[in-house]
**Student:** 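Here it is, the structure, as structure tokens.
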Amino acid sequence: MNAPTGLTEIVTAGNVFFLLWGAVLIFSMHAGFAFLEAGSVRKKNIVNALTKIPTDWAMSTVVYFVIGFPLAYGIAFFGSATGLLEANSYDLAHFFFLLCFAAVIPAIISGGIAERMKFAPQIIGGAVLVATAYPFFEGLVWGRFNVLGADDGWLADAFGAGFHDYAGSVVVHAMGGWLALPAIILLGPRIGRYLNGDSRPIPIHSVPFLALGSWLLMVGWFGFNVASAATLPAISGLVAANSLLAMGGGLLAAMVISRNDSVFIYNGALAGLVAVCAGSDIMHPISSFIVGAVAGVIFVKGFLWANEKLRIDDVLGVWPLHGICGAWGGIAAGIFGLSSLGGLGGVALLSQLTGTAICIAIALAVSTATYGILKLTIGLRLSPQEEMLGSDLTIHSGKAYPEELI
Amino acid sequence: MNAPTGLTEIVTAGNVFFLLWGAVLIFSMHAGFAFLEAGSVRKKNIVNALTKIPTDWAMSTVVYFVIGFPLAYGIAFFGSATGLLEANSYDLAHFFFLLCFAAVIPAIISGGIAERMKFAPQIIGGAVLVATAYPFFEGLVWGRFNVLGADDGWLADAFGAGFHDYAGSVVVHAMGGWLALPAIILLGPRIGRYLNGDSRPIPIHSVPFLALGSWLLMVGWFGFNVASAATLPAISGLVAANSLLAMGGGLLAAMVISRNDSVFIYNGALAGLVAVCAGSDIMHPISSFIVGAVAGVIFVKGFLWANEKLRIDDVLGVWPLHGICGAWGGIAAGIFGLSSLGGLGGVALLSQLTGTAICIAIALAVSTATYGILKLTIGLRLSPQEEMLGSDLTIHSGKAYPEELI
Amino acid sequence: MNAPTGLTEIVTAGNVFFLLWGAVLIFSMHAGFAFLEAGSVRKKNIVNALTKIPTDWAMSTVVYFVIGFPLAYGIAFFGSATGLLEANSYDLAHFFFLLCFAAVIPAIISGGIAERMKFAPQIIGGAVLVATAYPFFEGLVWGRFNVLGADDGWLADAFGAGFHDYAGSVVVHAMGGWLALPAIILLGPRIGRYLNGDSRPIPIHSVPFLALGSWLLMVGWFGFNVASAATLPAISGLVAANSLLAMGGGLLAAMVISRNDSVFIYNGALAGLVAVCAGSDIMHPISSFIVGAVAGVIFVKGFLWANEKLRIDDVLGVWPLHGICGAWGGIAAGIFGLSSLGGLGGVALLSQLTGTAICIAIALAVSTATYGILKLTIGLRLSPQEEMLGSDLTIHSGKAYPEELI
Amino acid sequence: MNLASSNMTLIKCVFKGERLHDVMQAMEDIGVYGMTVWEVKGHGRQKGHIEHYRGLKVKVNLLPKVIMEIVAPNEDVDHIVEEIVNSARTGNIGDGKIFLLPVMDAYRIRTSDRGIEAI
Amino acid sequence: MNLASSNMTLIKCVFKGERLHDVMQAMEDIGVYGMTVWEVKGHGRQKGHIEHYRGLKVKVNLLPKVIMEIVAPNEDVDHIVEEIVNSARTGNIGDGKIFLLPVMDAYRIRTSDRGIEAI
Amino acid sequence: MNLASSNMTLIKCVFKGERLHDVMQAMEDIGVYGMTVWEVKGHGRQKGHIEHYRGLKVKVNLLPKVIMEIVAPNEDVDHIVEEIVNSARTGNIGDGKIFLLPVMDAYRIRTSDRGIEAI
Ligand SMILES: Nc1ncnc2c1ncn2[C@@H]1O[C@H](COP(=O)(O)OP(=O)(O)O)[C@@H](O)[C@H]1O
Ligand SMILES: Nc1ncnc2c1ncn2[C@@H]1O[C@H](COP(=O)(O)OP(=O)(O)O)[C@@H](O)[C@H]1O
Ligand SMILES: Nc1ncnc2c1ncn2[C@@H]1O[C@H](COP(=O)(O)OP(=O)(O)O)[C@@H](O)[C@H]1O
């Protein structure tokens with residue numbers, strides 16, 4: 001503490017500080033996921049919503065520590081604590097930061113399969129994906145497998161530039177959204193959602209909780225995107241401004257086409273943020289506004305299409321929000337990142353398309369296998385009686401507002 | 001990322017990090033504005049409260065990017081992204097930071113005109129002010145117009161020291177509060193607020209939401225004040241301690257004179273924070289406690305005077321809170337900042353009075369013009385039927401607690 | 001602002017920035033305490049819960065500024081503001097940071113004595129403890145009294161290593177929990193809690209508010225632990241990772257032994273965090289997971305034992321949570337910190353046991369004296385009529401949901 | 001049991017919550033103090049409306065109303081009904097109804113008073 | 001007061017909230033529009049359950065139900081009751097009850113209509 | 001319709017929520033299981049109070065109570081009323097009331113049982 005500090009020491013310490021600042025912000029996004037879901041389900045499923053998210057987080061901590069992070073980056077933390085101290089334990093800070101991304105996977109899925117899934121398959125499924133599909137693709141793009149993301153990887157060789165995903169539109173969001181889709185389909189819609197051929201929307205519990213969750217996500221997102229620089233000297237005000245403009249674009253576009261629907265307004269802001277992650281370091285803020293606005297429209301239309309036409313009962317709309325808007329973000333980076341469109345260049349649209357397609361393929365395959373096996377073995381779904389009574393009483397033996405007994 | 005980092009690089013990166021840390025905190029204050037208002041209105045206007053704030057934010061992002069920031073500082077962000085990279089894009093980070101201040105303007109107004117305004121004039125009015133009155137005065141004090149704030153400006157020549165407003169008691173809060181006043185008056189009181197000569201207080205929805213909003217504001221305020229240093233080497237623990245003491249003073253004073261009224265206790269803390277902004281870099285912590293305590297008293301008395309005697313239906317009390325306490329803060333900096341009173345000096349009371357008066361004059365003029373024209377053209381107010389039904393159903397076709405259908 | 005910045009300047013500024021980042025996070029934990037309690041009491045005591053925490057905070061600000069901090073560290077802030085500027089006012093930033101710890105004391109107590117205490121003794125009691133017992137023990141461990149914590153202190157001489165408490169498992173949490181115990185006992189259980197020999201649990205108001213409070217605590221805790229480095233160059237990713245693993249361990253253990261009880265799941269995470277503070281800088285992450293898991297079990301069992309067997313009506317379980325798990329954390333640092341168990345060494349179990357025992361002894365003595373005198377003089381408890389009506393109406397003349405008049 | 005002996009009536013009124021303050025004032029003005037009130041949802045001639053959530057339409061047929069129940073001696077009923085009608089009326093559809101039900105007996109829990117004295 | 005003159009009946013039904021949509025649909029199908037609804041808790045043969053909070057057990061004997069009140073002319077009552085029974089039934093314990101109470105008079109607040117015309 | 005034939009009574013009681021647990025216990029003790037309960041606000045002799053919000057005074061005249069409705073055979077009514085009075089009483093003003101209303105018929109939705117068997 002009192003040793004004279006050299007330039008290297010302060011840079012190293014600054015890197016750790018910067019990463020932990022970002023990690024704490026992203027951790028707070030998980031509170032956002034919890035409240036977004038708590039507001040979007042019925043009163044009888046709120047406790048479950050609020051419990052799933054931190055439980056998934058804790059499970060993710062364990063499996064990403066033991067399996068996921070070592071798999072993606074080839075760095076493990078066994079042996080004595082003395083061996084973990086180098087550079088202010090930068091690697092552990094980095095682990096924390098990337099765990100915050102990994103744990104987004106079960107949090108995304110949770111919103112799609114809400115109100116009807118058993119607790120065990122929910123927890124096990126999430127943990128399996130955080131140990132397998134996610135870190136594998138992460139390793140392909142950001143990690144030790146020199147395939148998709150690396151400057152000298154396969155895609156870079158093929159199309160002139162590697163797959164570019166600065167803050168995870170594809171690695172995190174598209175992956176999460178497309179992992180959720182098979183789970184939602186295998187689970188089937190909630191009782192009463194589609195009845196006698198009719199679509200019967202199930203009213204949500206609380207707009208204020210949904211708004212609180214959205215705010216936590218919007219605020220924390222700046223940690224998500226900005227700290228993706230990974231080291232302090234690489235920090236970029238451009239990334240922050242792009243996130244800002246995309247959020248605004250998504251919100252305003254969703255507002256206009258939904259005629260002031262409050263839920264869409266909040267979701268539109270999130271859609272813009274999902275889409276901007278990939279290219280936030282290389283696009284111009286005005287391009288980001290456009291990318292966000294398109295995402296806002298995609299979400300509104302996509303949600304209605306999925307839930308009304310396809311009759312996929314995706315409670316929070318996680319597939320359109322993270323899956324489709326995330327894929328759009330991956331592609332958009334290959335368009336608006338081009339220097340001809342005012343971007344910084346160094347991207348190839350074909351690489352973006354290929355990388356995004358590979359992500360979707362992996363997600364669909366691994367998710368179908370995981371939830372398929374769970375369905376055949378322990379089963380995915382609460383019994384109809386349990387579902388009617390609500391997951392709060394069934395799984396947690398307690399209600400959201402216990403005082404309301406009389 | 002791996003280039004050797006020199007001292008300049010780390011200072012530059014540190015500046016951007018510091019500003020973004022502050023910006024994220026202030027952004028989270030906007031969630032605070034949303035919940036403060038959601039808790040302070042009736043159930044039928046909660047969705048509108050929760051929607052106005054992020055929508056105003058998104059509109060502010062656009063107009064401050066295109067008009068406001070260029071106007072105040074002479075820096076614009078058009079052209080290619082390559083031109084935006086200097087010093088880790090410090091200018092864009094600074095834009096984000098100052099946008100957080102600018103967007104406080106419509107958030108303040110929103111609380112005063114709650115429960116009865118149409119959506120279009122609300123959005124347009126806020127956007128106009130963020131593009132005009134706010135950045136103009138901002139430019140006079142902090143920006144490129146060498147008039148009020150500069151060391152070699154008009155006021156400094158006249159009275160020995162420029163107008164001093166470290167973190168915006170006047171530039172942000174007084175401006176916002178006095179911009180709100182004409183809007184509130186032009187709009188008129190809510191139906192039933194003053195009936196047959198009686199004052200009939202309209203009970204608020206939820207103290208917990210109001211408290212949540214207040215906490216978000218109190219916490220974020222430390223970003224507001226501390227990061228007003230603008231660069232990392234200028235950071236000051238004194239600013240933080242002064243904010244702390246003023247917040248405590250405001251809270252305790254409001255508690256004592258309101259006899260434990262919980263809403264006043266929270267608002268008292270905010271009043272202290274509003275008042276301390278201007279002089280937080282030059283006052284002694286004990287002076288700040290006093291400044292805050294006076295602000296707490298001003299708010300309690302001012303709120304009752306405005307709402308009961310003047311019969312101005314200022315729902316959240318934004319004029320006393322931001323307008324009057326902000327003006328008090330500007331003046332207080334000219335008193336307690338004096339070195340004879342333990343402060344760091346470099347302020348002139350006459351400059352403070354003049355600067356504050358100019359702010360109020362600009363605010364009243366531009367707001368009266370803006371909302372006056374809106375009133376004459378598209379109209380400001382919901383119809384009585386719409387107001388009775390509530391702005392949630394009228395504007396957003398949805399209620400705060402949709403599940404409560406039966 | 002424009003002077004060339006040297007290495008020392010940037011390190012100094014970085015230290016202040018780092019501490020203020022942590023302080024703001026811990027300040028936000030106080031919002032967490034407020035909502036944790038608001039969710040855990042009945043509707044008629046929510047306003048009081050939400051008001052006590054910020055009021056205690058304001059009182060703590062004053063007494064810790066005037067008495068506590070000078071007592072523990074020998075640094076006072078009287079005289080002119082000019083004298084406070086050294087090193088970017090690091091001392092004031094440090095004061096803010098440590099105030100955040102000190103103010104945890106009344107926040108802990110508040111949760112134990114909820115729903116039945118008068119306002120004056122609540123405020124006075126908390127202020128007395130923040131001025132006496134807390135800073136005295138703080139000074140023994142971290143401050144100017146070279147007795148328990150110092151490398152050349154009494155304990156270090158006796159057992160080979162001083163008392164090690166990196167982030168306050170004992171100094172803050174055990175102290176708070178054991179200070180609460182006599183207050184709770186002197187106050188007695190709430191009316192109807194134990195009736196005719198039966199234990200009649202009193203249903204809580206809202207799991208969502210309880211969850212919100214827990215999230216705020218969990219997120220802010222990373223400021224608590226990480227910024228305990230006190231200076232930026234001493235920052236440690238290991239501390240963050242240990243906090244993470246302990247939180248996960250506490251949550252999962254509590255989940256398993258409580259069979260998915262949502263309140264225990266959240267509390268288990270907090271129990272893990274309480275326990276990891278002391279040794280978070282010297283344990284291996286896997287040890288931290290174990291320490292956290294044990295704390296999760298201790299809390300679940302301890303809460304039931306205290307509330308059901310001992311019939312201590314500790315509303316939020318603050319004695320088991322902070323008192324017992326905090327003591328466990330102090331002891332655990334002396335076990336898992338040993339290099340033979342993969343830790344960094346430099347701890348002595350006997351020092352840990354002794355230091356923890358001294359903390360408990362001081363806490364019990366000072367609390368019994370303080371609340372004993374208050375009981376004999378102004379009295380601790382609301383009248384039965386007031387308690388039935390609720391502290392919101394009795395103390396604050398207002399309810400949590402005022403609109404619910406009909 | 002002889003129902004014809006009923007000398008008290010339960011006045012059950014359903015009206016709009018926004019009128020509650022005035023109805024209570026009207027009751028106070030004519031010296032009626034005892035009443036019990038709660039929030040309900042009603043369906044009648046008044047049309048419901050469509051709400052939108054994330055673009056999904058929900059038809060809302062139940063509108064918020066308030067029930068007020070007053071038990072009164074038979075001879076006061078007409079006057080009370082008249083005052084409620086006057087103070088609850090807005091003239092718009094959905095103003096609500098008043099129903100009269102026979103009450104056979106009443107007790108005051110605190111004193112065990114019975115019959116008319118109890119109310 | 002001549003109770004025998006009552007020509008209207010208050011149909012008070014307690015049933016499970018999940019059936020509300022169908023009961024309302026059934027009423028619409030037979031042309032019954034006026035009704036008032038609210039949420040209640042009920043106790044009957046249906047067993048309650050144990051809830052846990054922080055490990056403390058709470059016996060919950062009151063289960064959520066809905067009350068629907070319909071005032072109808074006596075001649076329509078049988079038909080309405082039949083339709084409610086059909087649409088509210090799940091066949092499980094706890095399905096609820098219907099009680100019929102005499103109504104002596106009714107008023108429409110908006111128009112001061114009285115008697116059968118008022119409902 | 002012959003009202004004199006009513007052999008069931010609706011016991012409608014308004015009392016303080018804090019007594020609910022004991023009243024339910026008392027009912028269980030005498031073998032009364034069927035009941036429906038909800039929260040209401042009441043006005044009576046018991047004085048309301050003044051609340052303050054941001055310094056503005058609001059007179060609150062409605063105090064929280066609970067309604068319990070029990071439909072019982074006429075012969076059990078006296079006993080039930082007695083037990084409710086005993087278990088709900090605190091002796092303070094605002095303890096509440098019990099009203100008895102005639103019930104003409106009852107149905108059990110699950111089984112279509114009718115009359116006394118239905119309750
Ligand atoms: N037959 C009825 N039985 C019970 N409640 C009724 C009946 N008819 C109307 N109501 C109640 O009265 C309210 C107003 O009735 P409505 O027909 O909409 O308007 P109006 O009374 O002006 O004709 C309804 O919302 C409902 O709560
Ligand atoms: N005697 C009664 N008086 C009032 N309400 C009753 C009575 N009996 C039953 N109920 C109501 O009906 C509901 C269902 O009754 P229950 O006995 O559980 O099932 P079922 O009607 O299938 O026999 C109860 O929850 C309660 O609300
Ligand atoms: N005439 C009445 N009609 C309907 N409800 C009544 C009547 N009188 C009293 N109540 C209800 O009983 C409650 C208690 O009555 P109150 O007069 O305050 O006390 P007490 O019953 O001890 O005399 C009231 O709050 C109200 O809910």
Side-chain angles (χ1 to χ4, degrees), chain D residues 1-14 17 20-41 65-74 80 84 99-119, chain F residues 1-16 19 23 38-48 58-67 69 73-75 77-78 80-104:
Chain D
M1 182 176 297
N2 186 358
L3 288 181
S5 72
S6 163
N7 53 4
M8 288 171 282
T9 298
L10 171 68
I11 307 170
K12 184 191 271 274
C13 351
V14 191
L20 177 64
H21 187 275
D22 293 76
V23 175
M24 286 187 66
Q25 190 61 52
M27 292 301 100
E28 203 179 314
D29 291 350
I30 60 169
V32 172
Y33 289 104
M35 61 186 66
T36 303
V37 179
W38 66 96
E39 293 184 67
V40 298
K41 302 282 150 114
K65 306 278 169 194
V66 156
I67 281 193
M68 179 182 284
E69 287 190 351
I70 298 177
V71 174
N74 288 345
I80 294 176
I84 292 174
F99 304 116
L100 305 186
L101 285 84
V103 173
M104 297 181 304
D105 213 340
Y107 301 80
R108 184 192 311 280
I109 290 172
R110 174 164 49 93
T111 57
S112 303
D113 282 344
R114 186 164 174 183
I116 291 258
E117 289 86 81
I119 61 176
Chain F
M1 186 176 296
N2 186 358
L3 289 182
S5 72
S6 164
N7 53 3
M8 288 173 281
T9 298
L10 171 68
I11 307 171
K12 183 190 272 273
C13 353
V14 192
F15 53 86
K16 292 182 178 165
R19 306 307 306 157
V23 175
W38 65 96
E39 293 184 67
V40 298
K41 301 283 150 111
H43 185 53
R45 261 154 244 229
Q46 193 188 1
K47 280 263 146 27
V58 182
K59 213 167 118 205
V60 175
N61 291 319
L62 291 166
L63 298 172
K65 305 279 169 194
V66 154
I67 280 194
E69 288 190 351
N74 288 344
E75 58 269 24
V77 169
D78 284 350
I80 294 176
V81 166
E82 197 186 317
E83 289 300 316
I84 292 173
V85 167
N86 289 339
S87 55
R89 180 184 287 158
T90 69
N92 297 317
I93 203 160
D95 267 0
K97 315 277 176 186
I98 302 174
F99 304 116
L100 305 185
L101 285 85
V103 172
M104 298 180 303

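In what follows, chains are A, B, ... by sequence order, proteins preceding strands, each numbered from 1.
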**Student:** So which of F:Glu82, F:Lys65, F:Arg45 has the biggest tally of heavy-atom pairs under 4.5 Å with chain D?
**Tutor:**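 Top count of heavy-atom pairs under 4.5 Å with chain D: F:Arg45.
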**Student:** Measure the OG-CG distance between D:Ser112 and F:Asn86 for me, rounded to the nearest 0.5 Å.
**Tutor:** 7.5 Å
**Student:** For side chain to side chain contact (heavy atoms under 4.5 Å, CB included), just list the numbers for F:Thr9 and D:Met104, CA-CA rounded to whole Å, side-chain angles, deciding distance to a tenth of an Å, and then say yes or no.
**Tutor:** CA-CA 9 Å; F:Thr9 298; D:Met104 297 181 304; 3.8 Å; yes
**Student:** What part of F:Asn92 is in contact with chain D, defined as an atom under 4.5 angstrom from a non-hydrogen atom: side chain, backbone, both or neither?
**Tutor:**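 Interface part for F:Asn92: backbone (N, CA, C, O).
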**Student:** Any side-chain heavy-atom pair from F:Lys41 and D:Glu39 closer than 4.5 angstrom?
**Tutor:**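 No; the side chains remain at least 4.5 Å from each other.
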**Student:** Mind listing the side-chain donor-acceptor pairs of residues 26-34 of chain D below 3.5 Å, one per line with the distance, residues two or more places apart or on another chain?
**Tutor:**
residue	atom	partner	partner atom	Å
D:Asp29	OD1	D:Gln25	NE2	3.3

**Student:** For D:Ile109 and F:Val85, work out which heavy atoms get closest and say how close.
**Tutor:**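 Of all heavy-atom pairs spanning D:Ile109 and F:Val85, the closest is O-CG1, 3.7 Å.
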**Student:** Given a strict heavy-atom distance threshold of 4.5 Å, which part of D:Leu10 is in contact with chain F: side chain, backbone, both, or neither?
**Tutor:** side chain
**Student:** Under the criterion side chain to side chain contact (heavy atoms under 4.5 Å, CB included), I'd like the reasoning laid out for D:Tyr107 against F:Leu100: C-alpha separation, chi angles, the key distance, then a yes or no.
**Tutor:** CA-CA 9 Å; D:Tyr107 301 80; F:Leu100 305 185; 3.9 Å; yes
**Student:** Is there side-chain contact between F:Val81 and D:Asp105, with at least one heavy-atom pair below 4.5 Å?
**Tutor:** no
**Student:** Give me the atom names and distance for the closest heavy-atom approach of F:Pro102 to D:Pro102.
**Tutor:** CD-O, 3.3 Å
**Student:** Suppose we screen for side chain to side chain donor-acceptor pair (under 3.5 Å). Which residues come up paired with D:Arg110, at least two apart in sequence or across chains?
**Tutor:**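 In terms of side chain to side chain donor-acceptor pair (under 3.5 Å), with neighbours along the sequence ignored, D:Arg110 is linked to no residue.
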**Student:** Looking at F:Lys97 and D:Ala118, would you say the former's side chain and the latter's main chain have a donor-acceptor pair under 3.5 Å?
**Tutor:** yes
**Student:** Any idea which heavy atoms bring D:Met24 and F:Leu62 closest together, and the distance?
**Tutor:**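 The answer is SD-CD1, 3.8 Å.
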